[in-house]
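What you see is a predicted model; the values in this text were computed from it and never measured.
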Amino acid sequence: MIMRMGTQGRLQLTLALIKPDVTRVPYVFEAIKQRIIDEQFLVVRSKEVRLRQKQTEKFYEEHRGKFFYNRLVTFMASGPTQALILAHEDAIKRWREVMGPTKVYRTKYEAPDTIRGTYGLTDTRNATHGSDAEDTATQETKFFFPEFCRKTWYEKEEPAFRRGQVIFHKKEFVHRISASSQEQWW
Ligand code: IDP
Ligand code: MG
């Protein structure tokens with residue numbers, strides 16, 4: 001259990017996925033989770049999902065018809081995916097920077113220290129996903145976490161998360177508001 005420093009601005013949320021190429025290799029999976037924590041992201045929700053092909057087709061609908069679409073949706077249905085809601089002051093842009101560019105073969109040379117540069121296997125099996133804008137972050141969060149209410153989270157949890165009044169639960173890979181900070185509000 002580790003406390004984290006607070007931040008100044010309002011936290012932004014993004015949807016991150018750790019893809020099936022990673023979840024099947026435990027030491028890579030652990031290294032990427034550690035990187036998320038080292039980069040000061042807060043993990044608001046975390047869940048393992050096993051997507052069926054129909055769901056992956058829907059999630060990647062914008063790419064239907066592209067040459068890599070079939071292999072992408074088959075790959076995403078090939079094993080477990082870890083879905084995460086990450087919080088950070090600039091979560092959407094920051095997570096995409098930490099992941100690195102999409103195309104692994106180029107990224108290995110141009111941004112070797114990024115997650116994709118370090119752990120990506122091919123342009124398809126590129127380790128992680130991150131939403132690319134506010135609207136897609138909202139949509140994609142709903143897709144993976146239909147039970148998550150953004151509005152309630154901002155009202156009830158964001159202030160404590162922003163102040164760093166959270167505890168990291170390593171096994172569940174999630175941050176939760178610490179009991180001692182909740183007591184102050186009674
Ligand atoms: P992004 O994941 O960086 O947002 P997108 O262009 O939205 O990239 O593509 C979605 C996913 O499709 C990528 O993460 C990757 O898995 C796969 N993909 C994209 N471009 C290629 C390609 O040129 N060859 C093979 N797979 C690709
Ligand atoms: Mg994309």
Side-chain angles (χ1 to χ4, degrees), residues 1-20 22-51 55 59 79-100 113-116 118-119 127-186:
M1 295 201 289
I2 303 152
M3 295 296 284
R4 174 183 179 276
M5 297 290 285
T7 53
Q8 299 290 312
R10 185 180 192 259
L11 294 171
Q12 187 183 54
L13 299 177
T14 193
L15 188 276
L17 300 178
I18 304 179
K19 296 185 180 184
V22 171
T23 58
R24 63 169 65 96
V25 188
Y27 86 93
V28 177
F29 194 13
E30 283 310 309
I32 291 176
K33 288 196 285 188
Q34 189 57 49
R35 180 74 180 266
I36 289 169
I37 302 306
D38 291 346
E39 297 285 351
Q40 305 282 295
F41 287 96
L42 292 166
V43 186
V44 169
R45 292 288 186 280
S46 177
K47 109 165 53 145
E48 188 191 276
V49 288
R50 178 70 204 247
L51 295 171
Q55 294 169 296
F59 185 71
T81 289
Q82 192 74 29
L84 307 168
I85 303 177
L86 300 181
H88 192 281
E89 269 182 286
D90 198 11
I92 295 171
K93 184 161 154 275
R94 187 69 199 122
W95 174 239
R96 289 197 63 100
E97 281 168 5
V98 170
M99 288 202 306
D113 297 335
T114 61
I115 288 174
R116 285 166 164 176
T118 309
Y119 303 110
T128 51
H129 167 86
S131 307
D132 57 12
E134 290 259 12
D135 58 341
T136 50
T138 304
Q139 277 166 30
E140 293 176 357
T141 301
K142 271 209 194 100
F143 187 94
F144 281 95
F145 298 90
E147 69 286 0
F148 178 74
C149 179
R150 222 182 153 76
K151 189 165 169 281
T152 308
W153 186 81
Y154 270 105
E155 282 168 13
K156 301 230 159 96
E157 296 194 38
E158 194 272 347
F161 270 70
R162 191 189 330 143
R163 288 193 292 264
Q165 293 168 339
V166 290
I167 290 173
F168 176 54
H169 298 260
K170 195 166 194 291
K171 199 153 159 264
E172 295 147 281
F173 195 63
V174 77
H175 287 90
R176 295 210 183 93
I177 297 175
S178 62
S180 59
S181 69
Q182 276 175 332
E183 275 159 24
Q184 292 165 18
W185 303 341
W186 298 140

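The side-chain heavy atoms of Leu13 and Trp153, taken from C-beta on, include a pair separated by under 4.5 Å. The closest side-chain heavy-atom distance from Val44 to Phe145 is not below 4.5 Å. Annotation: side chain of Val98 is not in contact with side chain of Ile36 (no heavy-atom distance under 4.5 Å).
Residues meeting the side chain to side chain contact (heavy atoms under 4.5 Å, CB included) test with Glu155, sequence neighbours left out: Lys151. Applying the salt bridge (Lys or Arg N to Asp or Glu O under 4.0 Å) criterion to Asp90, with sequence neighbours excluded, gives Lys93. Partners of Glu134 according to the salt bridge (Lys or Arg N to Asp or Glu O under 4.0 Å) rule, which considers only residues two or more places apart in sequence or in another chain, do not exist here. Residues satisfying the side chain to side chain contact (heavy atoms under 4.5 Å, CB included) criterion with Ala31, sequence neighbours excluded, are Tyr119. Judged as a salt bridge (Lys or Arg N to Asp or Glu O under 4.0 Å), and not counting sequence neighbours, Arg45 has no contacts. Shown here are the side chain to side chain contact (heavy atoms under 4.5 Å, CB included) partners of Arg176, two or more places apart in sequence or in another chain: His169, Glu172, Val174.
The aromatic rings of Phe41 and Trp95 lie perpendicular to each other, with more than 60° between the two planes, well past the 30° mark. Between Phe59 and His129, the ring-plane angle classifies as perpendicular under the 30° and 60° cut-offs. Between Phe161 and His175, the ring-plane angle classifies as perpendicular under the 30° and 60° cut-offs.
For the pair Glu39 and Arg94, the salt-bridge criterion is met [side-chain N within less than 4.0 Å of a carboxylate O].
Geometric assessment of Lys33 against the ring of Phe29 yields a positive cation-pi assignment under the 6.0 Å and 45° thresholds. For the pair Lys47 and Phe144, the NZ or CZ position fails the cation-pi test of under 6.0 Å to the six-membered ring centre and within 45 degrees of the ring normal.
A distance of 5.0 Å separates CD in Glu140 from OG1 in Thr136, rounded to the nearest 0.5 Å. Between the CZ atom in Arg162 and the CG atom in Leu42 there is a gap of 12.0 Å [rounded to 0.5 Å]. Annotation: the span from Thr138 atom OG1 to Arg150 atom CZ amounts to 3.5 Å, rounded to 0.5 Å. Separating the OG1 atom in Thr141 from the CG atom in Leu86 is a distance of 9.5 Å, to the nearest 0.5 Å. With rounding to the nearest 0.5 angstrom, the CG atom of Leu51 is 8.0 Å from the CG atom of Leu17. Atom CD of Glu158 and atom CD1 of Ile177 lie 10.0 Å apart (nearest 0.5 Å).
Remark: side-chain polar atoms of Tyr154 are paired, donor with acceptor, to backbone N or O of Leu11 under 3.5 angstrom. With hydrogens and angles disregarded, a donor-acceptor distance shorter than 3.5 Å links the side chain of Gln12 to the backbone of Ile92. Not one N or O on the side chain of Thr128 forms a donor-acceptor pair closer than 3.5 Å with the backbone of Met99.
Residues Leu15 and Ala137 approach most closely at CB-O, 4.4 Å, considering heavy atoms. Closest approach of Gly79 and Pro20 over heavy atoms only: O-CG, 3.6 Å. Taking each heavy atom of Ser46 and Gln82 in turn, the nearest pair found is OG-NE2, 3.1 Å. What you find for Arg50 and Pro80 is that their closest heavy atoms are CD-N, 3.9 Å. Closest approach of Thr14 to Ala91, counting heavy atoms only: CG2-O, 3.8 Å.
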Run the numbers on Ile37 and Val43 for side-chain contact (heavy atoms from CB on, under 4.5 Å), then give the verdict. CA-CA 8 Å; Ile37 302 306; Val43 186; 4.1 Å; yes
